[in-house]
Number of protein chains: 2
Amino acid sequence: MVIENLVKVISNPNVNEALEALRDAISRRRVVLLVGACIVSYKGRASSELGLGDRIVLIKEDGSILVHRPRGYEPVNWQPPKCLFNVHLDGDNLAIRAIRQKPRETLQIRFKKIYFLSVMTLEDAGEFSLYATEEDMKKAILLRPSIIEEGLRLVKYEKKVEPGFIDLYGVDEEGRLVVIEIKRRTAGRDAVLQLARYVESIRTNVKRDVRGILVAPKLARGVQRMLVSLGLDFKELNPKTCAKILKRYKTKKLSEFTF
Amino acid sequence: MVIENLVKVISNPNVNEALEALRDAISRRRVVLLVGACIVSYKGRASSELGLGDRIVLIKEDGSILVHRPRGYEPVNWQPPKCLFNVHLDGDNLAIRAIRQKPRETLQIRFKKIYFLSVMTLEDAGEFSLYATEEDMKKAILLRPSIIEEGLRLVKYEKKVEPGFIDLYGVDEEGRLVVIEIKRRTAGRDAVLQLARYVESIRTNVKRDVRGILVAPKLARGVQRMLVSLGLDFKELNPKTCAKILKRYKTKKLSEFTF
DNA sequence: TGCTAAATCTCGAAC
DNA sequence: GTTCGAGGTTTAGCA
């Protein structure tokens, strides 16, 4: 029985070694890291050319590929999951073509020199959880509408109106309709305009008072004036506050089962 | 004289080897690749937790850091350039903390096992050029306004009006003002509303006929009706056509110098 | 420094 | 399959 290395590293491979290892790795859907000097060209939704330089190329199990320069958060070139690979020789150099079918896009990487190549069998079943998103804020407000204002009753969730989807919809203490637009970060003009369009759309269909409340941790500069002139309200609400409410609620629910 | 390896790879390093190599690499602003089993947590604009699994961690010269899972285009966790690193031992495990100052955000990676670590000195001076962006379309239209319509003269570039910035602004054959909104992809409702707001804003300030032209390779479904009802025009224009015009123009300019 | 708009945006959900 | 909106969006350009 042969026990295969889960992580294989080849330093300074020659072109044929690299070619063979890469073809094998891709056919087996392994994760591959390549570091070397290369030129890159891309044609598809746009086109790009990248001159010679040292880069890190990461090919993943799902057929995605990333080309990273030594600086910057974003990859300089890439291809999303599910693309097809073709590894071949371009003269004396190793070349990788990654082709996406729809939309048709082609990424070509030509290596002048490969410093190292690694083929890896990685196991990753870890759960990822992100807290305090806009969705969480919505849930927290539904659980406890009083964080917006006393007497508020929420009657609809993601109501469809003409310009799009309303985040939250309800009735206030005095029976007026309330439209709520939620932003998890500083709300700008766009958020106000969005809310204004929703309110306008409902006003044209209903013979009742309609209020619009923008809910966000903060307003961008100059936006307050805009809100006032459009007759809309603002309610400060921090995503962290919402996370706490959700947490408490979950604990409570759990305790309901426990006791 | 000591000649240092430009790319150093350590397979299955023990914790102290890894700690030393990593601290040295970060202080020298080298590019680092780490592959191993880790857990990750993030606190900042939001919060996240990632359970144990094999990942690829890339630390760059500019102080950015990316954590990639074996699948997916996007990093599961990251930190943008200019963050500060702290490498330490967490019990028997190697831990990396990457701290961003503004906004204050912290990324912590704890390795249960390191399969390999690579420290690299990479040289990348290659030029990157991307063709046929919205900016290119703007330039092409300015160079040859007749691709929109005969007799069009463009008089302003990125004119500021109340709702935002107009892409292009001009006068048509019959002396009417023309506002142009450019999209490099299929134009949707948002593009139409944007153009409509610009046109409206100019109409309120000027006692002249004002036309709005949406320029894009294609219209989304249902958008044509919207355009008509708002009295706006559409002109089909492909970004590739624009790239060709720019290329020809550059060649022509070159030939003017040559001959 | 802060804000606005674009991105080969990507990704997911809803229709 | 298409469309629409969110994203820890990031990034570039400009007041």
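The sequence lines fix the lettering, A, B, ..., with proteins before strands; numbering per chain opens at 1. Bear in mind that the values here come from a model prediction, so they are computed numbers and not experimental data.
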Rounded to the Å, how far apart are [X] [atom1] and [N] [atom2]?
X        : N      : atom1 : atom2 : answer
B:Lys218 : D:dT3  : NZ    : P     : 7 Å
A:Glu74  : D:dT10 : CD    : C1'   : 5 Å
A:Leu193 : D:dG5  : CG    : P     : 14 Å
A:Phe128 : C:dG12 : CZ    : P     : 11 Å
A:Leu130 : C:dC11 : CG    : C1'   : 13 Å
A:Asn238 : D:dG8  : CG    : C1'   : 14 Å
B:Lys183 : C:dA6  : NZ    : P     : 4 Å
A:Leu66  : D:dT10 : CG    : P     : 16 Å

Starting at the 5' end of DNA chain C, which residue's closest nucleotide do you reach first, B:Gly72 or A:Ala220?
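Of the two residues, A:Ala220 wins.
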Rounded distance (nearest 0.5 Å) linking atom [atom1] of [X] with atom [atom2] of [Y]:
X        : Y        : atom1 : atom2 : answer
A:Arg110 : A:Gln108 : CZ    : CD    : 5.0 Å
B:Ile213 : B:Leu237 : CD1   : CG    : 11.5 Å
B:Leu193 : B:Glu181 : CG    : CD    : 11.0 Å

[X] near the nucleic acid: base, sugar-phosphate alone, or nothing, with a heavy-atom cut-off under 4.0 Å?
X        : result
B:Asp190 : nothing
B:Arg185 : sugar-phosphate
B:Ser47  : nothing
A:Glu134 : sugar-phosphate
A:Val76  : base

Which atom pair, heavy atoms only, marks the closest approach of A:Lys183 to A:Met137?
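What the structure gives for the nearest pair is O-CE, 3.7 Å.
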B:Pro217 and B:Thr186: which non-hydrogen atoms are nearest, and at how many Å?
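Of all heavy-atom pairs spanning B:Pro217 and B:Thr186, the closest is CG-N, 4.2 Å.
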Please determine whether a side-chain nitrogen or oxygen atom of [X] lies at a distance below 4.0 Å from atom OP1 or OP2 of [N].
X        : N      : answer
B:Arg71  : C:dC11 : no
A:Arg184 : D:dA6  : no
A:Trp78  : C:dC9  : no
B:Lys43  : D:dG8  : no
A:Lys102 : D:dT2  : yes
A:Arg45  : C:dC9  : yes

Using a 5.5 Å cut-off between ring centres and planes within 30 degrees, is A:Tyr73 stacked on the base of D:dT10?
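Stacking between A:Tyr73 and D:dT10: absent.
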Under 5.5 Å between ring centres and under 30° between planes: true for A:Tyr42 and the base of C:dT8?
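Ring-base stacking flag set for A:Tyr42 and C:dT8.
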Nearest-angstrom distance, P atom, C:dA5 to D:dG8
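Those two atoms are separated by 22 Å.
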Provide the distance between the two C1' atoms, one in C:dT10 and one in C:dA6, to the nearest whole Å.
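The same atom, C1', in both gives a distance of 14 Å.
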Whichever of B:Ser48 and B:Thr186 has its nearest DNA chain D nucleotide further upstream toward 5'
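Its nucleotide being nearer the 5' end, the pick is B:Thr186.
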Does the pair B:Arg30/B:Glu61 count as a salt bridge with the N-to-O cut at 4.0 Å?
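Between B:Glu61 and B:Arg30 there is no salt bridge, as every charged N stays at least 4.0 Å from the carboxylate O atoms.
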Could you check which of [options] has an atom nearest any side-chain atom of [X]?
X        : options              : value
B:Gln79  : D:dG8, C:dA5, C:dT8  : D:dG8
B:Arg189 : D:dC4, C:dC3, D:dT11 : D:dC4
A:Thr133 : D:dG7, C:dA7, D:dA6  : D:dG7

All pairs passing side chain to side chain donor-acceptor pair (under 3.5 Å) where residues 230-241 of chain A contributes a residue, at least two apart
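Passing the test, one end in residues 230-241 of chain A: A:Arg211-A:Asp233.
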